[in-house]
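The shown structure was predicted, so the numbers you read here are calculated from the model rather than taken from an experiment.
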2 protein chains.
Amino acid sequence: MPQPAGRAQRRGGGSRKPREERWAELFAVATDIFHEKGYEGASLQDIADRLGMLKGSLYYYIHSKEDLLFEVINEVHRQGLENIVALASQPGDPLQKLRNVIVGHIEHMCRHLTGTTVFLHEMESLPPERQAEILGGEHAYRSVFLDLVSKAKADGLVRDDIDPKLASLAILGSVNWVYRWFRPGGEFTPRHIGEQFADLILRGLVAD
Amino acid sequence: MPQPAGRAQRRGGGSRKPREERWAELFAVATDIFHEKGYEGASLQDIADRLGMLKGSLYYYIHSKEDLLFEVINEVHRQGLENIVALASQPGDPLQKLRNVIVGHIEHMCRHLTGTTVFLHEMESLPPERQAEILGGEHAYRSVFLDLVSKAKADGLVRDDIDPKLASLAILGSVNWVYRWFRPGGEFTPRHIGEQFADLILRGLVAD
DNA sequence: CCTACCGATCGGTAGG
DNA sequence: CCTACCGATCGGTAGG
């Protein structure tokens with residue numbers, strides 16, 4: 001959802017790339033640079049250099065450095081949430097859904113490793129209000145996992161002594177930690193990681 | 001393990017605090033500031049202000065900003081590792097040890113939340129060589145968990161289809177994620193979190 | 001998008 | 001620890 005600063009219209013006649021396309025490039029480069037150097041460690045100069053434009057020219061597309069980070073994180077979060085909500089909406093009992101969400105979320109994270117890292121690492125570089133704006137008041141991400149575990153328990157699929165809140169935080173932790181050690185082309189494929197994790201977790205939850 | 005810059009000896013006669021004590025204050029303040037603003041977002045000016053000295057004066061105690069971060073992270077890591085190694089050395093079968101390590105590690109992290117956060121968040125602000133120097137070539141932290149799961153499996157305590165490497169990464173993730181949501185005085189006590197997590201994990205691992 | 005610029009701040013140092 | 005300082009870089013802006 002690009003939202004460039006709506007300053008003035010371009011005047012020159014020789015522009016090669018339309019504004020939207022250039023914004024997409026800026027978005028991608030910013031994601032990479034924030035990933036490489038962290039938000040505070042990255043400078044607009046770094047971003048401009050890689051795009052081949054001058055630093056001041058970035059302000060044709062953005063309002064501020066912080067806004068740029070917000071755009072990146074908001075978009076990454078939106079896509080990730082969309083993914084797990086879709087997975088959780090498919091047919092099946094709560095535990096089957098949980099399995100699909102775990103596997104699908106890990107696959108999604110691994111496919112978008114750079115953006116995911118920026119989201120999970122630079123979120124707190126944003127002021128609290130903007131963090132809340134992205135996460136939603138009740139932490140949409142967590143809610144998906146919490147709802148599934150709660151429903152599974154209500155259906156008698158989960159042991160009595162399991163606290164759905166703590167269990168869902170444990171699950172979220174193991175899953176979200178993956179970006180810290182996963183390397184594309186490494187020892188494990190995302191699907192294999194997801195299935196092993198799901199096995200381990202479901203086995204820990206289920207009633208005998 | 002304070003390691004102040006060994007510049008010159010103090011000359012003045014009116015100094016109130018010995019060098020070691022002042023270094024400890026610097027260390028504590030730096031940990032707090034790095035926690036509040038992140039390494040890149042924190043300035044030596046911030047640290048000096050809180051200590052009530054001038055920025056340039058910090059260089060009586062440190063060599064560089066990066067060295068200061070290194071000292072903080074290295075010490076936090078050392079203490080954390082010491083804690084879990086001690087727990088893993090106590091008597092019991094591998095699964096009992098794993099339980100103790102999980103609970104004890106969560107308690108330790110929650111008791112040292114600020115330092116833990118700096119360690120887990122700012123590690124990558126250090127150059128790769130210094131990261132390796134802290135973690136050790138084979139990632140001492142991970143090894144403790146991996147060894148326990150591997151031994152438990154060798155003893156036939158763990159299901160055949162569990163991959164110790166993936167299982168230990170899943171465990172480490174759920175445990176290390178705690179600093180992201182734990183709040184002192186909140187709904188759960190560290191011990192309770194640890195025991196619930198251990199229940200969930202061990203139940204996921206054990207052979208029938 | 002470029003030109004040309006600003007005030008503020010950064011980590012760090014010489015010398016005492 | 002302070003005085004006094006440096007070169008470099010920061011995010012951002014006016015005007016076109």
What dot-bracket string describes DNA chain C from 5' to 3', counting Watson-Crick and G-U wobble pairs whose defining distances are under 3.5 Å, with [ ] for crossing pairs and | for pairs to another strand?
||||||||||||||||
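- Each of Lys55(B) and Gly52(B) was assigned the nucleotide of DNA chain D with the nearest heavy atom; the assignment lying further toward the 5' end belongs to Gly52(B).
- Of the listed nucleotides (dC1(D), dG12(C), dG12(D)), dG12(C) has the atom at the smallest distance from the side chain of Ser64(B).
- A donor-acceptor pair under 3.5 Å is absent between the side-chain atoms of Glu40(B) and the main chain of Gly38(A), judged by distance alone.
- Residue Ser43(A) is the one, among Ser43(A) and Ser57(A), whose nearest nucleotide of DNA chain D lies closer to the 5' end (criterion: closest heavy atom).
- Summarising the geometry, the separation between CD1 on Ile47(A) and C1' on dC10(D) is reported as 13 Å, rounded to the nearest angstrom.
- Look at OH on Tyr39(B): it is 13 Å from P on dC10(C), rounded to the nearest Å.
- Within the 4.0 angstrom heavy-atom criterion, only backbone atoms of the sugar-phosphate kind lie near Leu44(A); the bases stay farther away.
- Nucleotide dG12(D) holds its P atom 11 Å from the CG atom of Leu58(A), rounded to whole Å.
- Proximity note for Leu54(A) (side chain, C-beta onward) versus dG11(D), dT3(C), dG12(C): the nearest is dT3(C).
- The side chain of Arg22(B) has dC1(D) as its nearest neighbour among dC1(D), dG11(D), dT3(D).
- The distance from atom OG1 of Thr117(A) to atom CD of Glu122(A), rounded to the nearest 0.5 Å, is 9.5 Å.
- Using cut-offs of 30° and 60° for the angle between ring planes, the Phe188(A) and Trp181(A) rings count as perpendicular.
- The aromatic rings of Tyr179(B) and His121(B) sit perpendicular to each other, their planes meeting at more than 60°, with 30° as the lower class boundary.
- Residue Glu66(A) contributes atom CD, which lies 13 Å from atom P of dG11(D) at whole-angstrom precision.
- A cation-pi geometry, defined here as NZ or CZ lying under 6.0 Å from the six-membered ring centre and within 45° of its normal, holds between Lys65(A) and Tyr39(A).
- Rounded to whole angstrom, the span from the NZ atom of Lys65(A) across to the P atom of dA8(C) amounts to 19 Å.
- Looking at heavy-atom distances under 4.0 Å, Ala48(A) makes no contact with the nucleic acid at all.
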Enumerate donor-acceptor pairs with a distance under 3.5 Å from any side-chain N or O in residues 165-172 of chain B to protein atoms, sequence neighbours excluded.
| residue | atom | partner | partner atom | Å |
| --- | --- | --- | --- | --- |
| Lys165(B) | NZ | Glu187(A) | OE1 | 2.7 |
| Ser168(B) | OG | Pro164(B) | O | 2.9 |
| Ser168(B) | OG | Lys165(B) | O | 2.9 |

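- One can place CG of Asp49(B) at 14 Å from C1' of dC10(C), the figure rounded to the nearest angstrom.
- The distance from the OH atom of Tyr141(A) to the CG atom of Leu146(A) is 16.0 Å, given to the nearest 0.5 Å.
- At whole-Å resolution of the value, CG in Asp46(B) and P in dG11(C) are 8 Å apart.
- The stretch residues 122-132 of chain B does not touch DNA chain D, since none of its heavy atoms comes less than 4.0 Å from the strand.
- Per the geometry, CG belonging to Leu51(B) stands 15 Å off C1' belonging to dC2(D), to the nearest Å.
- Looking at Asp67(B) and Arg130(B), a side-chain N of the basic residue comes within less than 4.0 Å of a carboxylate O on the acidic one, giving a salt bridge.
- Ion pairing of Asp49(A) with Lys55(A) is absent here, as no side-chain N (NZ or NE/NH1/NH2) approaches a carboxylate O to less than 4.0 Å.
- Taking the six-membered ring for Trp and thresholds of 30 and 60 degrees, His105(A) and His108(A) have nearly parallel ring planes, at less than 30 degrees apart.
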